[in-house]
Amino acid sequence: MRKLHFLASSALTLGLITSMTGLAFAEPSADPTPANPSPVVGVDAAVPYTESERAQNWEKLKFGMFIHWGVYSNFGGYYKGQRQPLGYPEQIKAWSKISDEDYLAEAAQMNAPEFDAHEWCQNAKDAGMKYLVITSKHHDGFAMWDTATTDYNVIDKTDMGLDPLEELSTACADVGLKFGVYFSIIDWTKHEAEPYSNMNKIPESMMPYIKSQLTELMTKYGEIAEVWFDMGAPTADQSERMAKWVHELQPNAMVSSRVWNNKGDFEVGGDNAVFSQKRQAPWEAARSTFPMCWGYCKWPEIENKRQNPAQLTYQIQHEVNNLFTTVANGGQYLLNIGPKGTGEMDPFEVNILKGVGEWNKAHPAILNGSRYARFPQENWGYAVVNDNAVYLGVTDGWAPDKTIQLRGLSSTVKSVTIDGTDTELPFTHEGTTLTVTLRGNSPDANLPVIKVETEGKPLYLSEKTVTSDNGTFTATEENAESMPSTLGYSGDVSHTVYLTAKDNAVMDATATVTSNALKDQTMYALTVGDTRMEVTGAQLKAGVEIGTLAANTATPVMLSLANPPYYATPLGINTFQMDVKGTVTKVVTPEAPTVVPADKCGVEQTVKLPTQEGVTYTTEKTNSTVHVTASVTKGYMVKDGATVEWDLSVAAQPCPAAPAKPKPAAPGKVEQPKKSADGKYTVAKGIARTGANNLTGLIALSFIVGATALTVVSRKRR
């Protein structure tokens with residue numbers, strides 16, 4: 001039997017509080033606790049997208065396939081029967097010191113009979129991936145496309161007989177994937193290999209060659225979503241030119257940070273690195289199914305994993321958790337596979353993709369339209385928001401009767417269910433803390449997800465919110481929620497404090513920031529709600545007008561660099577104090593004027609104006625319409641959305657029409673009796689008149705005609 005949890009709360013939307021009551025169904029409990037969401041209106045729980053439209057479109061992709069495939073795939077990590085001594089198998093030419101002659105001999109054997117571009121792309125699509133990135137050229141310098149820049153390429157030196165990039169770009173378009181390319185800046189045909197670091201300087205003489213190759217890649221294969229530059233040590237000018245060449249030909253392409261010198265569009269971090277905490281978007285985590293191998297390898301420890309069913313189960317769980325963790329922290333997950341030299345995808349890796357795809361089909365809201373959220377880090381897992389719901393990924397293990405909490409949820413909760421089912425979970429919602437009790441065994445072996453449906457979009461209210469009822473606020477770094485840079489542990493790119501004016505609004509507010517790290521000439525961005533202003537450090541110290549803080553509404557105030565040299569450049573301020581002062585202002589909803597009817601018909605009606613504290617009314621009459629406008633006096637403000645103008649009709653009510661007079665009969669005419677249907681005689685309506693002006697008095701004579709009584713009325717002359 002189910003027990004009802006009655007929720008008496010407020011449906012919260014930004015700038016408006018609408019009272020309402022909701023119901024939530026849950027499993028029986030001894031003493032259900034009613035939900036009491038905060039009366040303060042929170043902010044959109046979704047972290048705002050990057051301002052760049054190019055970055056926004058890319059961030060929505062979320063999950064992609066990375067493919068390392070080239071001549072090295074034919075070796076599989078072995079040369080002349082000997083395992084390469086160190087390093088990734090895609091770098092076997094350097095590690096095993098393979099001569100150009102032997103490398104090309106292996107290339108000549110590469111005919112890839114099992115290569116099927118459509119199958120590769122369909123496998124990616126079925127896994128839930130939205131884009132595919134292929135190695136166009138790795139460090140070996142071997143071009144895997146039909147290029148005019150060198151004969152060291154797949155067309156001239158292999159027996160494949162096709163351009164893999166052309167095949168893949170076409171197949172991606174056919175199945176609905178975005179297409180991208182990996183491009184190694186270092187090229188072992190141009191300089192000596194240094195596989196320990198792969199940080200060769202790029203001679204200026206090599207730049208025209210790089211430009212020609214990039215030009216081909218950016219013009220021959222349709223729209224390019226991403227260019228994954230890798231390795232080398234170019235100068236800042238060289239990095240800037242490479243990024244520029246891409247953007248000139250592919251304006252929507254995102255350039256990886258490994259173009260170096262902070263000239264890229266997104267950070268990729270280290271190989272196989274997955275951030276476990278939020279980072280400023282955009283960023284991408286690239287991880288291989290076998291972290292030791294990006295290209296295909298057949299080493300014993302890898303082969304043992306391929307043959308172990310338990311390893312496949314673990315691997316699927318691991319990749320699903322990596323995917324959810326990355327998306328919930330604001331990143332893209334780029335999962336790498338290494339096909340064999342024959343063109344066949346490793347069956348073990350294909351099964352990993354299938355397992356991840358099944359999970360994505362069961363939880364479509366995680367990748368399709370979701371966004372990482374402002375909610376604080378919890379030890380049980382992570383959260384994303386999508387439409388009118390919060391999705392909780394329980395990465396820390398599911399156990400019966402275990403409770404998990406989500407802090408900061410200020411929206412009214414309609415229901416809490418196991419995602420993809422109608423199974424409800426018991427919950428309480430006290431203030432802004434949602435507590436959910438888990439039931440039974442884990443509903444998903446890979447990663448269980450809980451759906452929290454809210455009234456309207458999910459709203460967030462920070463536990464660190466600074467509240468004031470006198471128009472004065474003071475916040476420090478202890479009250480701030482900071483966004484770490486994607487540049488590792490280099491610092492935060494922004495600090496956000498949340499301010500709430502209790503009961504009454506605060507007008508003409510001024511914010512002052514003090515910090516030893518604040519630089520007078522540096523331009524900073526102070527974003528209040530949705531309004532962004534650029535000010536100098538000196539102006540912040542002196543005080544900046546920030547407008548009005550709405551009553552009982554959390555207003556985020558974010559401090560960041562206005563024009564950072566790189567999007568991930570840290571703010572450089574770790575300690576600060578922000579003081580905000582303004583005038584307390586009462587929020588009122590003007591009462592509506594009414595029309596007072598007139599005492600008499602034919603007279604215009606009048607308008608009665610309300611008498612309300614802080615509100616004045618003005619009127620203007622046009623014909624029979626009175627236009628009324630409400631305004632507020634100093635110290636008051638109109639509630640957002642309230643009506644302040646009315647048009648009232650005061651037209652007079654028409655008088656009723658006078659009754660019609662009877663038509664006089666002709667003089668001297670006597671109405672003759674008429675026989676009715678029942679055989680009786682009556683005189684027609686009206687009175688016979690004879691000399692009416694000279695008649696006074698009445699004489700009534702009665703006759704009996706047959707069986708009918710007849711009364712004749714006449715007047716007696718005076």
Give me the atom names and distance for the closest heavy-atom approach of [X] to [Y].
X    : Y    : answer
A373 : V385 : CB-CG1, 3.9 Å
P556 : T496 : CB-CG2, 4.0 Å
L609 : P593 : CD2-CB, 4.1 Å
Y524 : T536 : CD1-C, 4.2 Å
A55  : P282 : CB-CG, 4.4 Å

Side-chain donor/acceptor of [X] to backbone N/O of [Y], under 3.5 Å:
X    : Y    : value
T476 : E478 : yes
T643 : E645 : no
S411 : K457 : yes
S256 : F229 : yes
E453 : S415 : no
T527 : T531 : no
S515 : T575 : yes
R374 : V43  : no
Y382 : Q377 : no
N261 : K263 : no

Discussion item. The test is side chain to side chain contact (heavy atoms under 4.5 Å, CB included); show your working for T510 and I546 and say whether it passes.
Written reply: CA-CA 6 Å; T510 299; I546 62 173; over 6 Å; no
Between [X] and [Y], a side-chain donor and acceptor under 3.5 Å:
X    : Y    : result
Y636 : E613 : yes
T50  : E59  : yes
T474 : D579 : yes
Q405 : T435 : yes
N386 : S370 : no
N322 : Y333 : yes
D265 : H247 : yes
E481 : S462 : yes
W58  : E226 : yes
H495 : E477 : no
D237 : T235 : no
Q238 : W260 : no
Y372 : R279 : no
T403 : T437 : no

Whether over 12 other heavy atoms sit under 6.0 Å from [X] [atom1]:
X    : atom1 : answer
Q521 : CD    : no
K278 : NZ    : yes
K581 : NZ    : no
N516 : CG    : no
K586 : NZ    : no
K621 : NZ    : yes
K608 : NZ    : no
E248 : CD    : yes

Worksheet entry | Cation-pi, Y49 ring and R371 (6.0 angstrom, 45 degrees) | yes
Does a side-chain heavy-atom distance below 4.5 Å link [X] with [Y]?
X    : Y    : value
L392 : V449 : no
Y498 : T500 : no
V632 : V588 : yes
D469 : D503 : no
V466 : V497 : no
T433 : L406 : no

Fill in: Close aromatic pair by centroid cut-off 6.0 Å: Y391 and H363
no
Worksheet item: Among T622, T618, D647, whose side-chain hydrogen bond (donor to acceptor under 3.5 Å, both in side chains) with H627 holds?
Response: D647
Item to complete: Give the C-alpha distance, both sets of side-chain angles, the deciding distance and a yes or no for side chain to side chain contact (heavy atoms under 4.5 Å, CB included) between D396 and I404.
Response: CA-CA 10 Å; D396 191 47; I404 64 173; over 6 Å; no
What is the distance from atom [atom1] of [X] to atom [atom2] of [Y], rounded to the nearest 0.5 Å?
X    : Y    : atom1 : atom2 : result
L526 : M558 : CG    : CE    : 9.0 Å
E267 : T486 : CD    : OG1   : 4.5 Å
Q612 : E591 : CD    : CD    : 4.0 Å
L434 : S410 : CG    : OG    : 12.0 Å
D419 : I450 : CG    : CD1   : 9.5 Å

Worksheet item: Would N262 and Y567 satisfy side chain to side chain contact (heavy atoms under 4.5 Å, CB included), going step by step from the backbone distance to the final call?
Response: CA-CA 8 Å; N262 292 342; Y567 86 96; over 6 Å; no
Worksheet item: Could you walk me through whether N368 and K130 pass the side chain to side chain donor-acceptor pair (under 3.5 Å) check?
Response: CA-CA 10 Å; N368 301 315; K130 303 293 181 63; 3.0 Å; yes
Fill in: Single hit among L323, V384, L447 for side-chain contact (heavy atoms from CB on, under 4.5 Å) with I366
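For I366, the side-chain contact (heavy atoms from CB on, under 4.5 Å) test succeeds with only one of L323, V384, L447, which is V384.
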Item to complete: Give me the one residue out of V513, T512, D520 that meets side-chain contact (heavy atoms from CB on, under 4.5 Å) with K541.
Response: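 In the set V513, T512, D520, the residue that makes a side-chain contact (heavy atoms from CB on, under 4.5 Å) with K541 is D520.
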Item to complete: Using the side chain to side chain contact (heavy atoms under 4.5 Å, CB included) rule, take L334 and F63 through it: C-alpha gap first, then chi angles, then the decisive distance, then the call.
Response: CA-CA 6 Å; L334 189 62; F63 188 26; over 6 Å; no
Worksheet item: Taking 4.0 angstrom as the limit, do R532 and E534 come out as a salt bridge?
Response: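 Salt bridge: yes.
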